[in-house]
Amino acid sequence: MSILSRDFYVRDPLAVARDLIGKQLVSTIHGKRVAGIINETEAYDGEQDLACHARSGKTQRNAVMYGTGGVAYVYFTYGMHWMFNCVAREKDHPAAVLVRAIKPTEGIDIIRSIREPIKPSHWCDGPAKLTRSLGITGEHNGSDLCSDTSPILIEDKLKIPDNLVQATPRIGINYTPEPWKSMPWRFIADLS
DNA sequence: TCTTCGATTGTCT
DNA sequence: GACAATCGAAGAA
């Protein structure tokens, strides 16, 4: 299985978000692989995108978004949840792709032990759920996703045809003004 | 199945 | 001091 290269990430985040659908997100917990296929993403692009964390310029929290693509941007929100993003574009061009949902493929027993008693269909169907299932926390912020020694990385997996991918407005950005609020920068595919 | 609502704290104004 | 790229329990239907 091949790991996605830096070139994959150093592009328009819209293209990265679309192409990430069908890829496999892999985490290592206690030396074992825990993985799932990405089926929902959202793109955030630059300081002009008022839904993006970089809208107010560079801060301590969003600093890794200003680096080169192919790095993990993990942040904490709502007082209890971690979110996992892939940094996109080249250095000094803040952009990222939020991974919102995955379909578990490997390490099912580990996920079950973490997520019990929740039903399997709801283990990884939200951005904070997948980070909990894969053990992703702020410690992973800034991790390189292009190295086979990284605790989190993304592998090439399925090729999803365009007719199975839908684009819709992004979720959870109710206070963001138009036109950003309605930009169809969320990508989903039904991989059931 | 759908809707409402409480939880809980880092970050920026 | 306000709000957040949310979750999951509980209650209604």
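Just so it is clear: chains get the letters A, B, ... in the order the sequence lines come, proteins before strands, and each one is counted from 1.
Note: NZ (A:Lys181) to P (C:dA5) measures 13 Å, nearest angstrom. Rounded to whole Å, the distance from CG on A:Leu130 to C1' on C:dA5 is 13 Å. Between A:Gln60 atom CD and B:dC12 atom P the separation is 8 Å, expressed in whole Å. For A:Glu42 and C:dA4, the CD to P distance is 15 Å, given to the nearest whole Å. Between A:Arg132 atom CZ and B:dT8 atom P there is a gap of 12 Å when expressed in whole angstrom units. For A:Trp180 and C:dA5, the CH2 to P distance is 16 Å, given to the nearest whole Å. Atom CH2 in A:Trp123 sits about 17 Å away from atom C1' in C:dC7, given to the nearest Å. Put simply, CD1 on A:Ile173 is 14 Å from C1' on C:dT6, counting in whole angstrom units.
Using a 4.0 Å cut-off, no side-chain N or O of A:Lys119 falls inside it from OP1 or OP2 of C:dG8. OP1 or OP2 of B:dC12 has at least one side-chain nitrogen or oxygen of A:Thr59 nearer than 4.0 Å. For the OP1/OP2 pair of B:dT13 and a distance below 4.0 Å, the side-chain nitrogens and oxygens of A:Ser56 include at least one atom meeting the criterion. The side chain of A:Arg55 contributes no N or O atom lying less than 4.0 Å from OP1 or OP2 of B:dC12.
Within the nucleic acid shown, A:Met83 comes within 4.0 Å of sugar-phosphate atoms alone, with no base atom in reach, counting heavy atoms only. Residue-level contact check: A:Tyr175 touches the backbone only, with heavy atoms under 4.0 Å from sugar-phosphate atoms and none from bases. Contacts of A:Gly79 with the nucleic acid, taken as non-hydrogen atoms under 4.0 Å apart, include base atoms. Residue A:His53 is classed as a base contact, given a heavy-atom separation below 4.0 Å to a base. Residue A:Leu98 is in base contact, counting any heavy-atom pair closer than 4.0 Å across all strands shown. As judged by a 4.0 angstrom heavy-atom cut-off over every strand, A:Thr176 is placed among residues making no nucleic acid contact. Counting any heavy atom pair closer than 4.0 Å across all strands shown, A:Arg115 reaches sugar-phosphate atoms only and no base atom. Using a 4.0 Å heavy-atom criterion, one finds that A:Ala128 contacts the sugar-phosphate atoms exclusively.
Here the side chain of A:Ser150 pairs no donor or acceptor atom with the backbone of A:Ser147 at under 3.5 angstrom.
The side chain of A:Arg61 approaches B:dC12 more closely than any other nucleotide in the set C:dG8, C:dA4, B:dC12. Taking the side chain of A:Met80 as heavy atoms from C-beta on, and the options C:dG8, C:dA5, B:dT8, the nearest nucleotide is B:dT8. With C:dT6, C:dC7, B:dG10 as the candidates, the nucleotide lying closest to the side chain of A:Phe76 is B:dG10. Nearest to the side-chain atoms of A:His81 among the listed nucleotides C:dT6, B:dG10, C:dA5 stands C:dT6.
A salt bridge links A:Asp125 and A:Lys129; the closest N-O separation between the charged side-chain nitrogens and carboxylate oxygens is under 4.0 Å.
A:Tyr66 and A:His93 form no side-chain donor-acceptor contact under 3.5 Å, judged by distance and modelled atom types alone. Side chains of A:Glu90 and A:Thr68: a donor-acceptor N/O pair is absent below 3.5 angstrom, by distance only.
Base pairing analysis places C:dA5 opposite nothing; no Watson-Crick or G-U wobble pair with both distances below 3.5 Å involves it. The base-pairing partner of B:dT8, taking Watson-Crick or G-U wobble contacts with both distances under 3.5 Å, does not exist among the strands shown.
Taking the nucleotide of DNA chain C with the nearest heavy atom to each of A:Ala54 and A:Ile118, the more 5' of the two is matched to A:Ala54.
Remark: the A:Tyr78 side chain and the C:dA5 base include no donor-acceptor N/O pair separated by less than 3.5 Å.
Taking each heavy atom of A:Ala96 and A:Asn85 in turn, the nearest pair found is CB-CB, 4.1 Å.
For the ring-ring contact (aromatic ring centres under 6.0 Å, His included) test with A:His53, the passing option among A:Tyr44, A:Tyr75, A:Phe76 is A:Tyr75; the others fail. Between A:Glu40 and the choices A:Gln166, A:Lys103, A:Arg100, the side chain to side chain donor-acceptor pair (under 3.5 Å) rule is met once, by A:Arg100.
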